[in-house]
Amino acid sequence: MKETAVIMFFLGIGYQSGVLPPIGAYVDPGLVADPLPQALMITAVVVGLCSTAVNIVMFITLFRQYGTAHWITVKNKNTEQGVC
């Protein structure tokens, strides 16, 4: 995935040594890691995965319907059928 490098970059710049995860009852607020960057990056991962899945489904549907994924051939078949 192309966004992996950007996600790793943002997680890397957000890293702080010596901070604790924001889980638990008796944690000093000054020593807790900010959970927002991790939440945003996991959202980016999910969105990227979902958009990849939609693209694959569209490709498979196109290939099953027309027998090819070449866009000029699909356009010519649609022109012959009077779709375009």
Is Ile42 reachable from Leu40 through a run of hydrophobic residues whose side-chain heavy atoms are each under 4.5 Å from the next?
-> no
Heavy-atom closest pair, residues Ala69 and Phe63 = N-CD1, 4.0 Å
Considering all heavy atoms of both residues, which atom of Val32 and which atom of Val19 are nearest to each other, and what is their separation?
-> C-CB, 4.3 Å
Got a second to check how far [X]'s [atom1] is from [Y]'s [atom2], nearest 0.5 Å?
X     : Y     : atom1 : atom2 : value
Glu3  : Met41 : CD    : CE    : 10.5 Å
Ile56 : Met58 : CD1   : CE    : 11.5 Å
Tyr66 : Asn78 : OH    : CG    : 3.5 Å
Ile60 : Asn55 : CD1   : CG    : 11.0 Å
Thr43 : Ile7  : OG1   : CD1   : 10.0 Å

Does the side chain of [Y] come within less than 4.5 Å of [X]'s, by heavy atoms?
X     : Y     : answer
Leu62 : Trp71 : no
Lys77 : Thr73 : yes
Ile13 : Phe9  : yes

Taking side-chain contact (heavy atoms from CB on, under 4.5 Å) as the test, write out the residues that go with Asp34, two or more places apart.
-> Leu36, Pro37
